[in-house]
Amino acid sequence: MSRPSLPPPELRAYLEELVRRTSAVCGDRLLSVLAVGSLALGDYRHGRSDVDVTVVVDPAPPRADLAPLAATLAHPALPCPAAGLELVVYPADFAARPSGEAGYLLDLNTGPSLPERVSDDPADASDFWYVIDRSVAHQAGLPLYGAPAREVIAAPDRTTVLAALRASVREHADGDGHLADNRVLNGCRATVHCRTGHWFAKRRAGEIVAAAEPAFEPLVAEALRSFERPRAEAAVLPAGDVREFLAWVAARVEEAAEGTGA
């Protein structure tokens, strides 16, 4: 699946206003605004997907100076047409070097289907989500404003990404706060990344795993069907089958890590 050069039509006005408001707060410090996640990988599903955005600023303002940005972008001050907005602001000097840390100045989750979260302290967060997001951003980030992704976001090294995937699979195995279909398809994406070193959209990764692993094809196929529905209509997948699949994914991550000596 090719990556689009523009966001989908139902998001364009929203993203244009998001960039305008971000520029109004950050001024000359604003270096880049990037769409990441499903938007960058060409698999945004309206009614299901979040809008994932990475902002890079230079020089870094005091963290408290970004509070107005969180306020002006929060739903419903800026109504989010997607399931939610996940926006992260990084200082340019941090984003430009490989790191296994969260490292953000601001982390904002907001929207009709997301619990509200505003954090200016990366110690509050699990580092692995940010490592994975920056790895995806370096590969495929879609510029909405300013510098291209590869000029501002360094790729975390493979050992760091595998450690992040290990932590991600462990969290998905616990199951708290994640839909079952998303847990399965994130596991597929982790497996395919371990094998290829490349990030694929969740649906494409699911298709690859379903074709290659007949034992898990029924579960992955059901996860793919469920992923086509809005979040509120997601299927309940067999808990034991999901656990078994994620244990298998964890073993694939460990194999990849052993191959790097990690």
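Starting from 1, each residue takes its place in the sequence as its number. Given the structure is predicted, the values throughout are model-derived calculations rather than measurements.
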Check: Counting distance only, does the side-chain N/O of Ser226 pair as donor-acceptor with the main-chain N or O of Glu222 below 3.5 Å?
Finding: no
Note to self: So which atom in Leu85 and which in Leu114 form the shortest heavy-atom distance, rounded to 0.1 Å?
What the structure shows: O-CD1, 3.7 Å
Margin query: Could you check whether any side-chain heavy atom of Glu17 comes within less than 4.5 Å of a side-chain heavy atom of Arg21, counting everything from C-beta outward?
Written below: yes
Margin query: Tell me if a side-chain donor or acceptor on Arg229 pairs with a main-chain N or O of Ala234 at a distance below 3.5 Å.
Written below: no
Checklist line | pair Val89-Leu105: side-chain heavy atoms closer than 4.5 Å | finding: yes
Item checked: His138 side chain vs Ile153 backbone, donor-acceptor pair below 3.5 Å -> yes
Notebook entry, point to check: Does Arg48 offer a backbone N or O that forms a donor-acceptor pair with the side chain of Arg231 under 3.5 Å?
Noted result: yes
Item checked: Donor-acceptor under 3.5 Å (Arg252 side chain, Trp248 main chain) -> yes
Check: Sub-3.5 Å donor-acceptor pair from the side chain of Thr160 to the main-chain atoms of Pro156, do we have one?
Finding: no
Notebook entry, point to check: Does some side-chain heavy atom of Phe94 sit less than 4.5 Å from a side-chain heavy atom of Arg134?
Noted result: yes
Margin query: Do Lys202 and Cys188 make a side-chain contact, defined as non-hydrogen atoms from C-beta onward lying under 4.5 Å apart?
Written below: no
Notebook entry, point to check: Would you say Asp121's side chain and Ala123's backbone share a donor-acceptor pair under 3.5 angstrom?
Noted result: yes
Notebook entry, point to check: Minimum heavy-atom separation for Ala210 to Val220, with atom names?
Noted result: CB-CG1, 4.0 Å
Notebook entry, point to check: Less than 4.5 Å apart, any side-chain heavy atom of Pro61 and any of Arg29?
Noted result: yes
Next item on the list: Might you point out which heavy atoms bring Asp52 and Gly37 nearest each other, and give the distance in Å?
Entry: OD2-CA, 3.8 Å
Item checked: Shortest non-hydrogen contact between Arg183 and Ala173, atoms and distance -> NH2-O, 3.5 Å
Check: Between Trp129 and Ser168, do the side chains contain an N or O donor and an N or O acceptor separated by less than 3.5 Å?
Finding: no
Note to self: On a heavy-atom basis, which atom in Ala164 and which in Ile132 lie closest, and how many Å separate them?
What the structure shows: CB-CG1, 3.9 Å
Margin query: Tell me which one of Leu144, Val88, Val152, Leu142 satisfies side chain to side chain contact (heavy atoms under 4.5 Å, CB included) with Leu34.
Written below: Val152
Margin query: Are Val136 and Val56 connected into the same hydrophobic cluster when the rule is that any two of I, L, V, M, F, W, Y join if their side-chain heavy atoms are below 4.5 Å apart?
Written below: no
Notebook entry, point to check: At their closest point, which heavy atom of Gly103 faces which heavy atom of Pro122, and how far apart are they?
Noted result: N-CB, 3.7 Å
Margin query: Let me confirm one number: the CG-CG distance from Asp107 to Asp120, rounded to the nearest 0.5 Å.
Written below: 10.0 Å
Notebook entry, point to check: Do the side chains of Glu116 and Asn109 get nearer than 4.5 Å, heavy atoms only?
Noted result: no
Next item on the list: Say whether, by atom type as modelled, one donor and one acceptor occur between the side chain of Ser126 and the main chain of Phe128 under 3.5 angstrom.
Entry: no
Next item on the list: Applying salt bridge (Lys or Arg N to Asp or Glu O under 4.0 Å), run through Glu86 and Arg117 and close with a yes or a no.
Entry: CA-CA 9 Å; Glu86 296 185 354; Arg117 167 182 160 81; over 6 Å; no
Check: Would you say Thr260's side chain and Ala257's backbone share a donor-acceptor pair under 3.5 angstrom?
Finding: yes
Notebook entry, point to check: Are any side-chain N or O atoms of Ser23 and backbone N or O atoms of Val19, one a donor and one an acceptor, separated by less than 3.5 Å?
Noted result: no
Checklist line | Leu165 side chain reached by Cys194 side chain, heavy atoms, under 4.5 Å | finding: yes
Note to self: Are Tyr90 and Tyr104 an aromatic pair, judged by ring center distance below 6.0 Å?
What the structure shows: no
